[in-house]
Amino acid sequence: MKVAIEWERPLTLKDGSRHDLIYFIEQEKIPDAPGIYVFGRKWGTNMEALYVGTATNIRNRVKGQFNNLRLMQHLKNAKSGKRIVLFGLVQLKQGQKLDKVILLSEKCFIRHFLAQGHDLVNKHGIKIRRHEISSDGHCPKKFIPSVMFFEKQKK
């Protein structure tokens, strides 16, 4: 299946103390559409994903996430940088089912960010446990990376 996602510019999270929250963003800036969203941090030209989520209505879902204390604490306690949120709008193709595309997108991005070593938490705000494999020796780094990460299986 080929999935198309159109990404919007990242938005910087604001101090939410006036709203009894850790972070805040104006609701009208959040898309009222199905898709994927990524909370993260940005420093210089670098970005790190801290949470990946999907929703049939991003605005409603993200609005609720600002009350997720575990998630917001994870954002707050992350290394330095601006706290951001990215929105990716799903562009359904003929015959594709929204629920299937959203689930596939979430799994794909979580695996991608874990493979890159990002400090992700899962849906419940609990850090995703991961394995780390280090490689050294006489093999091209483009073929075998020096470090790889992947999610630990649940028992």
Side-chain angles (χ1 to χ4, degrees), residues 1-16 21-25 29-31 33-91 98-137 139-155:
M1 174 187 309
K2 289 187 178 184
V3 174
I5 298 176
E6 184 178 325
W7 291 94
E8 297 191 352
R9 284 189 164 80
L11 298 175
T12 302
L13 301 181
K14 297 179 181 179
D15 178 356
L21 299 169
I22 296 174
Y23 293 107
F24 174 78
I25 197 166
K29 292 185 176 183
I30 303 171
I36 188 166
Y37 59 95
V38 179
F39 283 103
R41 67 185 187 97
K42 181 178 181 178
W43 67 104
T45 59
N46 300 313
M47 285 198 266
E48 178 182 31
L50 300 171
Y51 179 86
V52 176
T54 57
T56 54
N57 184 308
I58 297 174
R59 181 177 293 164
N60 290 342
R61 183 71 180 127
V62 169
K63 180 179 151 188
Q65 292 292 29
F66 288 108
N67 291 310
N68 181 336
L69 185 59
R70 279 185 156 165
L71 172 58
M72 293 298 118
Q73 279 298 135
H74 181 70
L75 293 175
K76 184 178 179 182
N77 295 334
K79 295 176 185 175
S80 64
K82 284 192 231 178
R83 299 315 186 252
I84 60 159
V85 62
L86 288 157
F87 303 109
L89 307 181
V90 172
Q91 308 296 308
L98 181 61
D99 292 342
K100 189 173 183 177
V101 168
I102 284 178
L103 182 61
L104 180 70
S105 299
E106 182 178 41
K107 284 182 180 182
C108 183
F109 278 99
I110 286 172
R111 286 186 181 149
H112 168 74
F113 291 132
L114 281 176
Q116 299 296 314
H118 294 227
D119 188 23
L120 286 178
V121 294
N122 70 357
K123 293 179 185 176
H124 304 291
I126 299 169
K127 193 170 187 174
I128 295 178
R129 299 176 341 157
R130 64 184 186 204
H131 296 288
E132 179 178 327
I133 299 174
S134 298
S135 298
D136 201 3
C139 188
K141 299 292 184 210
K142 289 181 180 178
F143 182 67
I144 303 290
S146 58
V147 178
M148 294 184 295
F149 300 93
F150 62 98
E151 183 177 0
K152 288 183 180 180
Q153 295 297 314
K154 295 174 184 145
K155 294 181 181 183

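Position 1 is the first residue of the sequence, and the numbers go up from there.
For the atom pair I84 CD1 and L75 CG, the distance stands at 10.0 Å (nearest 0.5 Å). To the nearest 0.5 Å, atom CG of residue N77 and atom NZ of residue K79 are 13.0 Å apart. Atoms CZ and CD1, on F87 and I58 in that order, are 7.0 Å from each other to the nearest 0.5 Å. In this structure, the separation between CD1 on I25 and NZ on K63 is 14.0 Å, given to the nearest 0.5 Å. Annotation: the span from L98 atom CG to K100 atom NZ amounts to 13.0 Å, rounded to 0.5 Å.
Taking both residues in full, the closest heavy atoms of G117 and E48 are given as O-OE2, 4.2 Å, listed atom of the first, atom of the second, then distance. Shown here for Q65 and F39, the closest heavy-atom pair between the two residues is CB-CE1, 4.0 Å. I110 and L120 make their closest contact through O-CD1, 3.7 Å (heavy atoms, listed as atom of the first residue, atom of the second, distance). Here the closest heavy-atom approach between residue E8 and residue P31 is recorded as OE1-CG, 3.6 Å. Taking all atoms of both residues into account, the shortest heavy-atom contact from N60 to N57 is N-OD1, 3.0 Å. Shown here for I22 and K76, the closest heavy-atom pair between the two residues is CG2-CD, 4.0 Å.
The backbone N or O of A78 sits less than 3.5 Å from a side-chain atom of R83, completing a donor-acceptor pair. The backbone N or O of S80 lies less than 3.5 Å from a partner atom in the side chain of R41, making a donor-acceptor pair. The backbone N or O of Q91 lies less than 3.5 Å from no partner atom in the side chain of E6, so there is not a single donor-acceptor pair.
Put simply, the side chain of K42 does not reach to within 4.5 Å of the side chain of T12, judged on heavy atoms. H74 is listed as a side-chain neighbour of L50, based on a closest heavy-atom distance under 4.5 Å.
The ring pair (Phe, Tyr, Trp, His ring centres under 6.0 Å) test with F109 is passed by exactly one of Y51, Y37, W7: W7. Among L89, I102, V90, T54, the single residue meeting the side chain to side chain contact (heavy atoms under 4.5 Å, CB included) criterion with I36 is T54.
Between F113 and H118, the angle of the ring planes lies from 30° to 60°, which puts this pair in the tilted group.
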Working for side-chain contact (heavy atoms from CB on, under 4.5 Å), residues T56 and D99: CA-CA 8 Å; T56 54; D99 292 342; 3.9 Å; yes
Derivation of the side-chain contact (heavy atoms from CB on, under 4.5 Å) call for V85 and Y23: CA-CA 11 Å; V85 62; Y23 293 107; over 6 Å; no
